[in-house]
Protein chains: 2
Amino acid sequence: MALEHAILVSLLEQPASGYELARRFERSIGRFWTATHQQIYRVLKRMEADGWITAEEIGQDGRPDKRSWSVAPAGRSALVTWLRAPVQPETVRHELAVKIRGAAFDDAAGRAALVAEVERYRATHEATLARYLTGERRDFPDADPPDAQRALQHVVLRGGIAYERMVLAWLDDVLTTLRTLEN
Amino acid sequence: MALEHAILVSLLEQPASGYELARRFERSIGRFWTATHQQIYRVLKRMEADGWITAEEIGQDGRPDKRSWSVAPAGRSALVTWLRAPVQPETVRHELAVKIRGAAFDDAAGRAALVAEVERYRATHEATLARYLTGERRDFPDADPPDAQRALQHVVLRGGIAYERMVLAWLDDVLTTLRTLEN
DNA sequence: TCCTGCTATGCAACTCGTTGCATAGCAAGA
DNA sequence: TCTTGCTATGCAACGAGTTGCATAGCAGGA
C-alpha cells in the first residue's frame with residue numbers, strides 16, 4: 001500500500017528510470033522497503049495513469065531507451081497527504097526466529113545444521129553493516145549536515161546501522177545458546 | 001511461504017484451535033510473524049488436507065464447538081525438512097523510515113505532525129518492551145533454564161527485547177534530528 | 001433493555017508480492 | 001567464438017495477505 005510513496009520519496013530525492021529505481025531498492029531504500037523490478041514497473045504504470053509522475057524519454061545509443069520519471073504536483077500532494085496519516089504498525093517476518101524455536105523439535109544434527117546456518121546469516125549481516133558504515137563515511141563526513149534532506153537520510157541510515165549491530169549481538173547470543181544445548 | 005511452519009512450531013509447543021492460534025499470533029508469535037485469523041483458518045484447512053495436522057472436536061456448552069489441532073507425523077517431518085533449508089533473507093517494510101525521508105519534502109507543519117506521530121509510535125514500542133520484560137520475569141525467572149524448548153523460546157524473546165530497545169534509542173535519535181530541523 | 005465485547009469459524013473479493021519467462025543489444029572474459 | 005552479465009522493459013500466472021462481512025450464543029455493564 002505504500003510502495004507508491006516509497007517511490008515518490010526516491011524520485012523526489014532524484015529522478016530515475018524504473019531500472020535505476022529497482023537498483024536503489026536493492027541498495028539504500030531496500031534497507032527499509034524491498035521491491036522487485038516487476039512491482040516497480042507495475043506501480044509506475046499506475047502512478048503515471050493517476051498523474052502522479054511524468055516520464056522523459058531518453059534515447060541512448062547502444063542501449064535500450066529508458067524513461068526517466070519525475071514527480072508531478074499531484075504526486076507530491078498525494079505524498080504529503082500520506083505523510084500526515086498515522087503510521088501503520090510494522091509487519092514483521094523473521095523466519096530465523098521461527099526456525100530457532102522450531103529447533104526444539106529437531107535432533108542434534110538438525111541443531112548443528114542450524115548453527116552453521118546462523119553463522120552464514122551472521123556473515124551477511126556483518127557485510128551489510130560494513131556497507132552501511134562505508135556509505136556513512138562517504139556520504140556524511142561532516143558532524144552536522146546542513147540541509148534537511150541529508151539530515152533525514154542520515155538518521156535513517158543510523159537506524160539501519162543500529163539494527164545491524166543489534167542483530168549481530170543477538171545472533172551471538174543465539175549461537176551461544178545453541179552451542180550450550182549440545183552438551 | 002512459511003506461515004505453515006510457524007503454525008507447526010506453535011502447535012508442537014502446545015496444541016490449539018484456530019482461534020487460540022490467532023491470539024498467539026497477536027501475542028508471542030506475532031513478535032516475529034504476523035497473521036490474521038483469516039490466513040490461519042485457510043492455512044489450517046490446507047494443512048489438514050495435506051495430512052500435516054489432525055483435529056480433535058471439542059464440544060463446549062454455551063460456546064461454539066472448537067477444533068483443537070495437533071501435529072501429525074507428516075507435519076513434523078515437513079517441519080524438519082524446512083528447518084534444514086537455508087534461511088531466506090528477511091523482507092523489511094519500515095513505513096516510518098519512508099516517512100522520515102519523505103519529511104524533507106513536506107513543510108514545517110508536516111514535520112511537526114511527524115514529531116507527534118513518532119512520539120505516539122514510540123509509546124507503543126515502550127509498551128511492547130514493558131510487556132516483553134514482564135513476560136520474561138514471569139516465564140524465565142531462573143538464570144539457566146534446563147530444557148531446549150524453553151532455552152530457545154527465551155533467546156527469541158531476548159531478541160524481541162533487544163529489538164525494542166534498539167528501536168526506542170533510534171526513535172530518540174529521530175526526534176532529536178526532527179526537532180533540530182525546526183530551528 | 002440495549003450495546004459492547006468475547007469465543008469460534010468461515011466466505012468472497014480484492015490487492016500485493018513472487019516467479020518464470022521474453023526481448024534485445026552491447027561489453028568483457030574464457 | 002561462446003558464454004556470462006549488464007542495461008532496460010514488460011507479460012502472465014500464481015500464491016500470499018488484507019478487508020469486509022456473516023453467523024451465533026453468552027457475559028457484563030450502562
Side-chain angles (χ1 to χ4, degrees), chain A residues 1-7 11 15-27 29-30 32-50 53 55-69 82 85-86 88-95 98, chain B residues 1-7 11 15-27 29-30 32-50 53 55-69 82 85-86 88-95 98:
Chain A
M1 199 50 177
L3 177 55
E4 286 92 329
H5 303 105
I7 288 176
L11 290 180
S17 69
Y19 188 83
E20 286 164 349
L21 273 175
R23 286 196 307 170
R24 285 189 204 167
F25 273 81
E26 276 171 23
R27 297 182 215 284
I29 308 173
F32 49 90
W33 205 275
T34 55
T36 62
H37 79 276
Q38 282 307 335
Q39 290 173 67
I40 289 166
Y41 281 118
R42 195 161 48 182
V43 168
L44 283 174
K45 185 169 280 185
R46 188 168 64 223
M47 292 168 79
E48 187 189 25
D50 292 345
I53 55 176
E56 187 195 358
E57 301 283 342
I58 298 182
Q60 307 179 114
D61 41 45
R63 313 210 152 280
D65 292 359
K66 67 176 181 182
R67 314 185 68 194
S68 185
W69 296 99
W82 175 77
Q88 297 298 109
E90 70 262 52
T91 61
V92 182
R93 299 276 134 113
H94 286 322
E95 193 180 286
V98 180
Chain B
M1 201 50 177
L3 177 55
E4 286 93 330
H5 303 105
I7 289 175
L11 290 181
S17 70
Y19 188 83
E20 286 163 349
L21 273 175
R23 286 196 306 169
R24 285 189 204 167
F25 273 81
E26 276 172 24
R27 299 183 214 283
I29 308 172
F32 49 89
W33 206 276
T34 56
T36 63
H37 79 277
Q38 283 305 336
Q39 291 173 66
I40 289 166
Y41 281 118
R42 195 161 48 182
V43 169
L44 283 174
K45 185 170 281 186
R46 189 168 63 223
M47 292 168 79
E48 188 189 24
D50 292 345
I53 55 175
E56 186 196 357
E57 302 282 342
I58 299 181
Q60 307 180 113
D61 41 46
R63 312 211 153 278
D65 291 359
K66 67 178 182 182
R67 314 185 67 195
S68 186
W69 297 100
W82 174 78
Q88 297 298 112
E90 69 261 53
T91 61
V92 182
R93 300 274 134 114
H94 286 322
E95 193 180 285
V98 180

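Below, read A as the first sequence line, B as the second, and so on, with proteins coming before strands; counting in each chain starts at 1.
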CZ of R23(B) versus P of dC6(C): gap in Å, rounded?
10 Å
Taking the side chain of T36(B) as its heavy atoms from C-beta onward, which of dA8(C), dT9(D), dT18(D) lies nearest to it?
dT18(D)
Short side-chain N/O contact to dT9(D) OP1/OP2 from Y41(A), under 4.0 Å:
yes
E4(B) CD to dG17(D) P, straight-line distance once rounded to whole Å:
9 Å
Can a salt bridge be assigned to the pair E48(B) and R67(B) using a cut-off of 4.0 Å between side-chain N and carboxylate O?
yes
Here the distance between atom C1' of dG20(C) and atom CZ of R42(A), to the nearest Å, is 14 Å
Atom-pair distance (CZ on R67(B); C1' on dT7(C)), nearest Å:
17 Å
K66(A) with E20(A): basic N within carboxylate O range, under 4.0 Å:
yes
Round to a whole Å and report the spacing from CG of L21(B) to P of dG10(C).
13 Å
Closest of dG17(C), dA8(C), dG10(C) to the Y19(B) side chain is dA8(C)
Tell me the interatomic distance from E26(A), atom CD, to dG5(D), atom P, rounded to whole angstroms.
15 Å
Closest to the Q38(A) side chain: dG17(D), dT18(D), dC11(D)?
dC11(D)
When we call it a touch if two heavy atoms are under 4.0 Å apart, what does S17(B) touch: a base, just sugar-phosphate, or nothing?
sugar-phosphate
Contacts of K45(A) and Q88(A) projected onto DNA chain D by closest heavy atom; the upstream (5') one is K45(A)
Side chains of T34(A) and R93(B): do they bring a donor and an acceptor to under 3.5 Å?
yes
Phosphate-side-chain proximity, Q39(B) and dT18(D), N/O vs OP1/OP2 below 4.0 Å:
yes
Between E90(B) and H94(A) (side chain of the first, backbone of the second, donor and acceptor by atom type, cut-off under 3.5 Å), is there such a pair?
no
Contact under 4.0 Å: R46(A) side-chain N or O vs dT15(C) OP1/OP2
no
Rounded off to whole Å, could you give me the CD1-to-C1' distance for the I7(B) and dG17(D) pair?
13 Å
For DNA chain C, whose closest nucleotide is more 5', that of H37(A) or that of T34(A)?
T34(A)
Separation of F25(B) atom CZ from dG17(D) atom C1', in whole Å?
13 Å
Any carboxylate oxygen within less than 4.0 angstrom of a Lys/Arg side-chain nitrogen, looking at R46(B) and E4(B)?
yes
